[in-house]
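Quick notes on the structure that follows.
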2 protein chains.
Amino acid sequence: MAKHESYDCVAGCPVEATLELIGGKWKGLLLYHLLEGTQRFNALKRMLPNITQRMLTNQLRELESAGLVHRQVYAEVPPRVEYSLTEHGRSLAPILNALKTWGEQHLDRSTCSQDSASGTAEQASIGA
Amino acid sequence: MAKHESYDCVAGCPVEATLELIGGKWKGLLLYHLLEGTQRFNALKRMLPNITQRMLTNQLRELESAGLVHRQVYAEVPPRVEYSLTEHGRSLAPILNALKTWGEQHLDRSTCSQDSASGTAEQASIGA
DNA sequence: GCATATAGTATCCAAAATGATACTAATGGA
DNA sequence: TCCATTAGTATCATTTTGGATACTATATGC
């Protein structure tokens with residue numbers, strides 16, 4: 001999504017601005033996983049099997065410059081880098097949970113490859 | 001943002017899926033404005049001064065196919081088309097409000113051109 | 001001496017999103 | 001007769017995103 005520097009909105013501007021921070025391809029996911037606690041680079045990579053290193057680095061750096069994520073480097077070999085949410089990032093928790101809840105209630109679950117509930121059918125397909 | 005068809009996430013998937021629905025460049029804004037009620041095409045265009053017709057049509061159509069927005073065409077001349085939220089769309093209200101509140105509290109207000117509160121300075125700039 | 005692991009970079013390319021601009025139809029009013 | 005209005009389309013160019021691939025450093029274990 002292209003950034004817009006001058007928000008030409010009068011009313012909904014903060015909505016767009018917030019959406020821009022968390023709207024990268026993997027950012028929602030990353031934030032969501034980091035909500036569970038500090039994670040190393042490779043741990044995150046394992047959680048997102050299809051992400052490339054480039055994108056993982058990239059998205060994490062963007063989250064870092066947005067002040068949402070803290071990056072802690074340990075001078076060891078092999079290197080160790082731990083990522084965690086800042087206070088700022090943790091304050092997104094209600095939003096992330098709202099997104100998750102809405103998605104679970106309103107989107108067809110079948111798009112997700114695996115999930116615990118596969119027999120129960122109380123989920124609404126989009127048209128409903 | 002590129003769509004991903006097969007959500008490779010096990011846990012945060014609904015977060016990403018929901019984000020995809022509302023993550024278009026103007027979608028957050030459009031949904032936010034439609035929360036206030038039914039709007040005609042040109043009314044929306046006036047609310048988003050920098051949007052092009054192409055993008056407005058485009059984003060509205062996408063919201064429509066996502067089942068979030070209803071498009072009512074009146075066979076008049078000149079044409080009249082009214083856009084409103086579906087139930088599905090209205091159910092996003094908590095999310096949109098959460099995004100707005102978070103943005104107001106955590107983002108530097110100065111990026112926004114105009115807004116009512118310009119004297120009070122209780123907003124935190126990003127670094128805080 | 002060599003492979004392994006970690007957390008990256010660098011480069012190039014493809015695809016998707018967005019923007020600019022010009023065009024349309026039908027009717028009412030000046 | 002001509003212009004304005006509405007809600008679009010069509011076409012093209014540009015920008016932004018995302019993906020593939022190959023490359024790096026260095027201590028450790030074998």
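In what follows, chains are A, B, ... by sequence order, proteins preceding strands, each numbered from 1. Being a predicted model, the structure only gives us computed values, none of them experimental.
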Side chain of [X], heavy atoms from C-beta onward: which of [options] has the nearest atom to it?
X: A:M55; options: C:dT9, D:dG18, C:dA7; result: D:dG18
X: B:P78; options: D:dT6, D:dG19, C:dG19; result: D:dT6
X: B:V77; options: D:dT6, C:dA7, C:dT27; result: C:dT27
X: B:R54; options: D:dA7, D:dA10, C:dT9; result: D:dA10
X: B:V81; options: C:dA20, D:dG18, D:dA7; result: D:dA7
X: B:R61; options: D:dG19, D:dT9, C:dA20; result: D:dT9
X: B:F41; options: D:dA27, D:dA7, D:dG18; result: D:dA7

In whole angstrom, what separates [X]'s [atom1] from [N]'s [atom2]?
X: B:I51; N: C:dG19; atom1: CD1; atom2: P; result: 8 Å
X: B:Q39; N: D:dT6; atom1: CD; atom2: C1'; result: 16 Å
X: A:E20; N: C:dT18; atom1: CD; atom2: P; result: 11 Å
X: B:W26; N: C:dA17; atom1: CH2; atom2: P; result: 16 Å
X: B:N58; N: C:dG19; atom1: CG; atom2: P; result: 10 Å
X: B:Q72; N: D:dA7; atom1: CD; atom2: P; result: 13 Å
X: A:E76; N: C:dA5; atom1: CD; atom2: P; result: 17 Å
X: A:R71; N: C:dT6; atom1: CZ; atom2: P; result: 16 Å

Categorize [X] for me: base, sugar-phosphate, or nothing, with a 4.0 angstrom heavy-atom threshold over every strand shown.
X: A:Y83; result: sugar-phosphate
X: B:R80; result: sugar-phosphate
X: A:Q59; result: sugar-phosphate

Notebook entry, point to check: Do A:W102 and B:L21 touch side chain to side chain, with heavy atoms closer than 4.5 Å?
Noted result: yes
Checklist line | Residue pair B:Q39 / B:H33, side-chain heavy-atom distance below 4.5 Å | finding: no
When you measure from the side-chain N and O atoms of [X] to the phosphate of [N], is any distance below 4.0 Å, counting only OP1 and OP2?
X: A:K25; N: C:dA16; result: no
X: B:K45; N: D:dT6; result: no
X: B:R40; N: D:dT5; result: no

Check: Atom OG1 in A:T57, atom CZ in A:R71: separation rounded to 0.5 Å?
Finding: 8.5 Å
Notebook entry, point to check: For the atom pair NZ (A:K25) and CG (A:L48), what is the distance rounded to the nearest 0.5 Å?
Noted result: 10.5 Å
Note to self: For B:T38, is there any backbone N or O sitting under 3.5 Å from a side-chain donor or acceptor partner on B:E82?
What the structure shows: no
Notebook entry, point to check: A:Y74 and A:V69: same hydrophobic cluster, using ILVMFWY side-chain contacts below 4.5 Å?
Noted result: no
